Number of protein chains: 2
Amino acid sequence: MQLKELSERTGISAASIKFYLREGLLPAGESVHATRARYSTRHVSRLRLIHALRSVVGLSIEQIRPLVKLADDGAPRLEILAAVQRTVLGLTALNTHNGDVRTRAGDAVVRLRNWPDAPSDARAALDAHVSLMESLGVPVTTELLDAYSKALDAIADRDINATAAPEDTNELILTAAVGMHLHGQLVLKLLALAQASHAIGRYTKDA
Amino acid sequence: MQLKELSERTGISAASIKFYLREGLLPAGESVHATRARYSTRHVSRLRLIHALRSVVGLSIEQIRPLVKLADDGAPRLEILAAVQRTVLGLTALNTHNGDVRTRAGDAVVRLRNWPDAPSDARAALDAHVSLMESLGVPVTTELLDAYSKALDAIADRDINATAAPEDTNELILTAAVGMHLHGQLVLKLLALAQASHAIGRYTKDA
DNA sequence: AGAGTTGGATAGTGCTTCTATCCTAGGCCT
DNA sequence: AGGCCTAGGATAGAAGCACTATCCAACTCT
């Protein structure tokens, strides 16, 4: 298949496909001649991945690049999933805002929940975030962490069991990223509803 | 106080302050004469609000505008808090993506949790989001909603009790928005840690 | 008088994600 | 063989966002 067909199949403009090629998100097709290239179904699934990552998950080109690189390098599944989590849930190095992470909230949580005591991106991000909150004057008590983590423990248990593992690495990243993002947003929206409901309950009680 | 002092006190450049004035985020100062205006401490707190909403919560100018308008119009507290929640947790009309919300997930949740059966933005957003998930092939079972909402019920109960109510409306919006955002992010990060921990537990078990 | 400040206007910057145009070498069809 | 289409490469433009900078004439403080 050549560029035009690739464009028609995915619904992504030829100009955009060229852009993704330039940006290194989409590997070059098999160059038949100087002015002819052949693309495979891999390119189709890659384009679908890029599109979903942009339009559903809202990632930038710069965030997508290392993810697809992992796929192209044939990185192990666990590594890929860790990278996806890092990116989708905003576990960036940016979160270690001023460098001084005073709290070790992660320690407290893994003890409370009896989770394995291994360092991870999620744990570092948690520490950094709690540190940020405290620096902004929003207190985070151990009690709060206990309540939150207890609730999320149940959710994570359920989530992890639902993770299938497709053959195609593009598919793997797509389902993992989309799933994580959508579940994260779902949790946020349910939290909003819960808060609103509790607020209503409280205000009607007062009235 | 005049513009320059306002700039010095808040650490926001005079050019940016002019920009916010143009955009209608910051009300004009008391015009002493055609070329002299006086600003009050209200302007200081408004600028702090704008800055926090941009840099901490990550809202756009367009999202901030209606929020500060509510403050200027002296809207009731509950209405303000609802608007803040709508904005911070992404409960936009945009979420009603294709118009046909087939699922009524909100109904199921309020029944499951015995929450008051009143329509709300959060509920509409939840319906829309679940509809989006299903349209993307990510199933959302009642069982899942039950587990999630049960967990978040406990969290919301705790959150709602921690909400103070400052005098200054700017302060109110600031603490509410920052609090909601930071708590939402905290939940997401704890979820990530929980997922990672469960994944580790599962992989070490297999090994 | 002179330095400084104001509101208002207008233009420019830097970043991101495309989108469009132009070009030549080369293949496909008849 | 001639005409049309396509690939790849380069470059430029567009549109949105949040500023940032410059200029101006009017006016005020000292």
Side-chain angles (χ1 to χ4, degrees), chain A residues 1-40 42-44 46-68 87 90 92 94, chain B residues 1-40 43-44 46-68 87 90 92 94 177:
Chain A
M1 142 189 19
Q2 43 198 60
L3 206 150
K4 204 180 188 189
E5 194 187 339
L6 190 59
S7 165
E8 278 159 7
R9 277 215 219 174
T10 57
I12 294 168
S13 77
S16 293
I17 293 175
K18 280 188 176 188
F19 172 70
Y20 294 143
L21 282 165
R22 274 201 303 285
E23 292 292 321
L25 302 190
L26 185 69
E30 186 196 351
S31 182
V32 177
H33 265 293
T35 64
R36 193 101 344 177
R38 226 187 293 283
Y39 300 95
S40 67
R42 273 293 149 96
H43 291 89
V44 174
R46 170 60 56 86
L47 276 174
R48 271 204 254 279
L49 171 62
I50 294 169
H51 187 248
L53 254 30
R54 290 255 337 108
S55 69
V56 178
V57 187
L59 299 185
S60 71
I61 302 293
E62 295 307 306
Q63 289 175 305
I64 295 173
R65 204 195 313 278
L67 254 31
V68 298
T87 307
T92 60
L94 193 148
Chain B
M1 149 187 13
Q2 42 198 61
L3 205 150
K4 204 181 187 189
E5 193 186 340
L6 190 59
S7 164
E8 279 159 5
R9 278 215 218 173
T10 57
I12 294 169
S13 76
S16 293
I17 293 175
K18 280 189 175 187
F19 172 70
Y20 294 142
L21 282 164
R22 275 201 303 284
E23 292 293 321
L25 302 190
L26 185 68
E30 187 197 350
S31 184
V32 177
H33 264 293
T35 64
R36 192 105 338 182
R38 226 187 292 284
Y39 299 95
S40 67
H43 290 91
V44 174
R46 169 61 57 88
L47 277 175
R48 271 204 253 279
L49 170 63
I50 294 170
H51 188 248
L53 254 29
R54 290 259 334 110
S55 68
V56 179
V57 187
L59 299 186
S60 71
I61 301 293
E62 296 307 306
Q63 289 175 307
I64 295 173
R65 205 195 313 277
L67 255 30
V68 298
T87 307
T92 59
L94 191 148

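These numbers come from the heavy atoms of this one structure, side chains and all, not from hydrogens, waters or symmetry mates. None of these values were measured; they are calculated from a predicted model. Letters A, B, ... mirror the listed sequences (proteins, then strands); counts begin at 1.
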Sorted by number, residues from residues 8-17 of chain A placing a heavy atom under 4.0 Å from DNA chain C are A:S13, A:A15, A:S16
Is B:S60 touching bases, backbone alone, or none of the nucleic acid, heavy atoms closer than 4.0 Å?
-> sugar-phosphate
With a non-hydrogen cut-off below 4.0 angstrom, is A:Q2 in contact with a base, only sugar-phosphate, or nothing?
-> sugar-phosphate
Report the nucleotide, chosen from D:dC19, C:dT5, D:dT28, that has the shortest atom-to-atom distance to any side-chain atom of B:H33.
-> D:dT28
Presence of A:Y39 side-chain N/O under 4.0 Å of D:dT6 phosphate oxygens OP1/OP2 = no
In whole angstroms, the gap separating C1' of C:dT17 from CZ of A:R65 amounts to 12 Å
Reported CG-to-CG distance for the pair A:L49 and A:L26, which is rounded to 0.5 angstrom = 10.5 Å
Is there a donor and acceptor pair closer than 3.5 Å between the side chain of B:R22 and the base of D:dT20?
-> yes
Euclidean distance, B:L6 CG relative to B:I17 CD1, rounded to 0.5 Å | 4.0 Å
Under 3.5 Å, is there an N or O donor on one side and an acceptor on the other linking the side chain of B:K18 and the base of C:dG8?
-> yes
B:Y20 vs D:dT20: side-chain N/O to OP1/OP2 distance below 4.0 Å = no
So, B:R65 side chain and B:G24 main chain: donor-acceptor pair closer than 3.5 Å or not?
-> no
Using whole Å, report how far CZ of B:F19 lies from P of C:dG7.
-> 17 Å
Closest heavy-atom pair and its distance - B:R54, B:S60 = NH1-CA, 3.9 Å
A:R48 side-chain N/O to A:T10 backbone N/O, donor-acceptor pair under 3.5 Å = no
Neighbour count above 12 (heavy atom, 6.0 Å) for B:R38 CZ = no
How about B:H51 and B:I12: do any of their side-chain heavy atoms sit closer than 4.5 Å?
-> yes
Atom CG of B:L53 and atom P of D:dC17: how far apart are they, to the nearest Å?
-> 17 Å
5'-most contact on DNA chain C (nearest-nucleotide basis), A:A34 vs A:E23, goes to A:E23
Just how far, in rounded Å, is P of C:dT6 from CG of B:L21?
-> 11 Å
Tell me: NZ of B:K4 to P of C:dG7, nearest whole Å?
-> 14 Å
Could you check how far CZ of A:R38 sits from C1' of D:dT6, rounded to whole Å?
-> 14 Å
Measure from CG on B:L3 to P on D:dT20 and round the result to the nearest Å.
-> 14 Å
Write down the distance between CZ (A:R36) and C1' (D:dA7), rounded to a whole number of angstrom.
-> 6 Å
